[in-house]
Number of protein chains: 2
Amino acid sequence: MFAKRTTLADVARMAGLSPTAASLILNGKPDTRFSAEAHARVHAAAAELGYRPNIGARALRTDRTLSIAFISDVVATTRFASGLIQGALEEAERAGHVVLVMETRGEPAREVEAIEAVLDRQVDGIIFGTVRARELYVPDLPEATKVVMLNATNPRHGVSVLPDEEAGGRAAVDLLAAAGHSEGIALIGQNDEAERDLFRSATVDRRIRGLRSELAQLGLTLVAEESCWDWEPHNGYDLTAELLDRRTDVRALLCMNDRLAFGAYQACTERGLTVGQDISIVSFDNDELASYLRPGLTTIGLPHVVMGREAVRLLLSNAGPGERLIPMPVVERSSIARVTPARSGTADLATRRLAELRAGTGADAADA
Amino acid sequence: MFAKRTTLADVARMAGLSPTAASLILNGKPDTRFSAEAHARVHAAAAELGYRPNIGARALRTDRTLSIAFISDVVATTRFASGLIQGALEEAERAGHVVLVMETRGEPAREVEAIEAVLDRQVDGIIFGTVRARELYVPDLPEATKVVMLNATNPRHGVSVLPDEEAGGRAAVDLLAAAGHSEGIALIGQNDEAERDLFRSATVDRRIRGLRSELAQLGLTLVAEESCWDWEPHNGYDLTAELLDRRTDVRALLCMNDRLAFGAYQACTERGLTVGQDISIVSFDNDELASYLRPGLTTIGLPHVVMGREAVRLLLSNAGPGERLIPMPVVERSSIARVTPARSGTADLATRRLAELRAGTGADAADA
DNA sequence: ACCACTTGGTAAATGCATTTACCAATGGCT
DNA sequence: AGCCATTGGTAAATGCATTTACCAAGTGGT
């Protein structure tokens, strides 16, 4: 279409002014006294020629590229990573920034390479993301580099964005208790005894803490805790099948994630139990899966998109260090049965606490 | 850690040579007669100082940024988009390039903005991707811009990468026929009569063409074709439930995607039919879902990752125009029942044709 | 002794936008 | 008339790497 990009010099020439004038005017610098005439001529010329500044050239002087890097261990495996990226993309767009995405597959060598590659391109900041929230190793960086940890923490880089798992854990329990469950609640995927020295992830620890403390607050106990390392559907199936065959008093399942819940559904169905009627299930993540199940799975969602947005916002606003906890939306579908409570006081209390959690955090609107 | 990046001038100074010498030597220019001494000193200095060229500055003269853009309608909704991105990232990494990811949400205005944003940053090329393969509108571009269409086509930009849906459609039919099915095969999700004037997507059309032509080749016919616009689990459930209640001779379901198949599983199970025994199901996509189901779903996979890789390879190799068809892997799990064939000749033929498809394309290894 | 190469380099221009330092002309004031 | 401020600009330096044009010293041949 057109042979070469127009440069600032072209605009200046057409406007009959110096490049200095053109630059100053187009960038709207204050305290620079050019005539209204000059302003008009420069803007007209720029529009006429379709002038767009060469960002690389500009960066040479300003050290700002309007580009940020998103370095993640994994981008495609789960919808979680994509959600983080999507949120980051949205917010970056709003701020006129562009996002350079890198995948490290968790390999430290690859991480070093990724960092160098983006530093070579003078990015304005780096977001380090992980799928399994954890303390992430980050190599030395020039100290001026702005960094935000997304779903991760790092002692040297204090700004991090995490889901509010503690509140999420509480909400899951409240959901069950508010529906009248006070007995026969089992945990699928975790057992403190068995996993004493096992580090899963920083956020899962908080999820469990919230969950247990809420059980304690409400005076409830678990009838079983089934532990497994991987949280895949077949694990959920095996654990649930075994549990249901072993005892008959199970009325509600707290699953550590939706994939486990998916397996649990299958085990229940096979045993003639209808989820949402004969047995309740609540879990975490709000995977795509959760909406496919019948009845729909009630779950505490991971607010990926909001987290991604928030990370970019923090990065570009030079926020001070600290953890930003993003509320987890409670997504109610139909997997929780309403039962007549053994102790209705508990159910009422749970209902109140749940309402507080939701109001306090605006959790429902959080991941639109 | 360190105050400022080292520049080429720093390296030159430390080596006691001119920046010219340093540049020429570090870039390994041929026919430039510097002493072995000089080479050694420059390399030593560069290593000592940890010199890395400023890519933006370099681009000013070379017009190459070692960056490419990936502009897609959607990035997070499906694993499909993430797979494309992952493949692109992998191949770009190998080539020392970095990927700038943009999402347009299918809005033309946003697409124009995205293109301008990446052009402002002098990318070496652009990949336009879509989730629903279709002819994609692309605004005018400077004619030197290199473009590859990924899962999309465009009359002005001839290079495109698509899944080989025609072969995929054939394979699905062969799979069923080879297992002995020759009667009672139903199609879930599509009906030519009902959808005569409906454009779904370029690739789905090919999928159906392959499927029908293979049925014809083998002398098979369908007992039913159930149409619906969305291919979500609940559609699969409704269609299958209604079909099974209507007729009792259905033995195999060809589902247009895995989500439909997921719904179909539920309908079958509810009716006491065990998938992989009483009824066979085969579908398309190889969603995460497919491996979660019990029994595992046999499906013709979408080779996202390979497609993403291929797109970058084509972009960077200045390939001539044309469609690159990427083989779809046939992923055999356990949803197809082996039945004694009514006509064993047909089953043998299907087996041979399937083997040819797989051998000819290397489809199995295609999406590792 | 002189010319023609070869060897081993360097100075300076270039790409593009930003920014600092400076300048000419005009008007106002005393 | 002389001086200062203001108005409305511009020239040139800058950031960094690449690249073209050029040069000085040495070598070999005659």
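The sequence lines fix the lettering, A, B, ..., with proteins before strands; numbering per chain opens at 1.
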Legend entry - Length of the CG-P vector between A:L26 and C:dC16, whole Å: 16 Å

Legend entry - Nearest-0.5 Å distance, NZ of residue B:K146 to NE2 of residue B:H157: 14.0 Å

Legend entry - Spacing of B:R5 atom CZ relative to D:dC16 atom P, expressed in whole Å: 10 Å

Inset, instruction - Please report, rounded to the nearest Å, how far the C1' atom of C:dT10 is from the CZ atom of B:R33. - result: 12 Å

Legend entry - N/O donor-acceptor pair, side chain B:R61 with base C:dT14, under 3.5 angstrom: yes

Inset, instruction - With heavy atoms under 4.0 Å as the rule, sort B:L24 into base, sugar-phosphate or nothing. - result: base

Inset, instruction - Could you tell me whether B:R105 and B:E111 have a side-chain N and a carboxylate O separated by less than 4.0 Å? - result: no

Legend entry - Presence of B:R58 side-chain N/O under 4.0 Å of D:dT18 phosphate oxygens OP1/OP2: yes

Legend entry - Rounded distance [0.5 Å steps], OG1 in A:T20 versus NZ in A:K29: 13.0 Å

Inset, instruction - Send over the distance from A:L60 CG to D:dG15 C1', rounded to a whole Å. - result: 4 Å

Inset, instruction - Name the nucleic acid region contacted by B:D63, choosing base, sugar-phosphate or nothing; use a 4.0 angstrom heavy-atom cut-off, strictly under. - result: nothing

Legend entry - Value rounded to 0.5 Å, distance of CD in B:Q122 from OG1 in B:T65: 7.0 Å

Legend entry - Contact list for DNA chain C against residues 37-54 of chain B - heavy-atom distance below 4.0 Å: B:A38

Legend entry - Interatomic distance, A:L8 CG vs D:dT10 P [rounded to whole Å]: 12 Å

Legend entry - Residue whose closest nucleotide on DNA chain C lies nearer the 5' end, A:K29 versus A:A57: A:A57

Inset, instruction - May I ask you to decide if A:N54's main-chain N or O and B:D120's side chain share a donor-acceptor pair within less than 3.5 Å? - result: no

Inset, instruction - For the residue pair A:T104 and A:D73, confirm or rule out a side-chain donor-acceptor distance under 3.5 Å. - result: no

Inset, instruction - First locate atom CG of B:L100, then atom CD1 of B:I127, and finally report the distance between them rounded to the nearest 0.5 Å. - result: 11.5 Å

Inset, instruction - Look at the side chain of B:P19 and decide which nucleotide, out of C:dA17, D:dT18, D:dG9, has an atom nearest to it. - result: D:dT18

Inset, instruction - Considering just the side-chain nitrogens and oxygens of B:N27, establish if one lies under 4.0 Å of OP1 or OP2 belonging to D:dT18. - result: yes

Inset, instruction - Kindly say if B:S18 contacts the phosphate of C:dA11, meaning a side-chain N or O under 4.0 Å from OP1 or OP2. - result: no

Legend entry - Integer-rounded Å distance: C:dT18 C1' and A:F34 CZ: 13 Å

Legend entry - Value in whole Å for how far the P atom of C:dG8 lies from CG of B:D31: 14 Å

Legend entry - Candidates B:E90, B:E91, B:E93 - the one meeting salt bridge (charged side-chain N to carboxylate O under 4.0 Å, His left out) with B:R309: B:E90

Legend entry - Donor/acceptor link under 3.5 angstrom from A:T20 side chain onto base of C:dT18: no

Inset, instruction - Give a yes/no answer on whether the side chain of A:T62 brings an N or O atom under 4.0 Å of OP1 or OP2 in C:dA17. - result: no

Inset, instruction - Taking only the side-chain nitrogens and oxygens of B:S23, find out if one of them lies under 4.0 Å from OP1 or OP2 of D:dT18. - result: yes

Legend entry - Value in whole Å for how far the P atom of D:dT14 lies from CZ of A:R64: 24 Å

Inset, instruction - Ignoring the backbone of A:T7, work out which of C:dC16, D:dT18, D:dG15 is nearest its side chain. - result: C:dC16

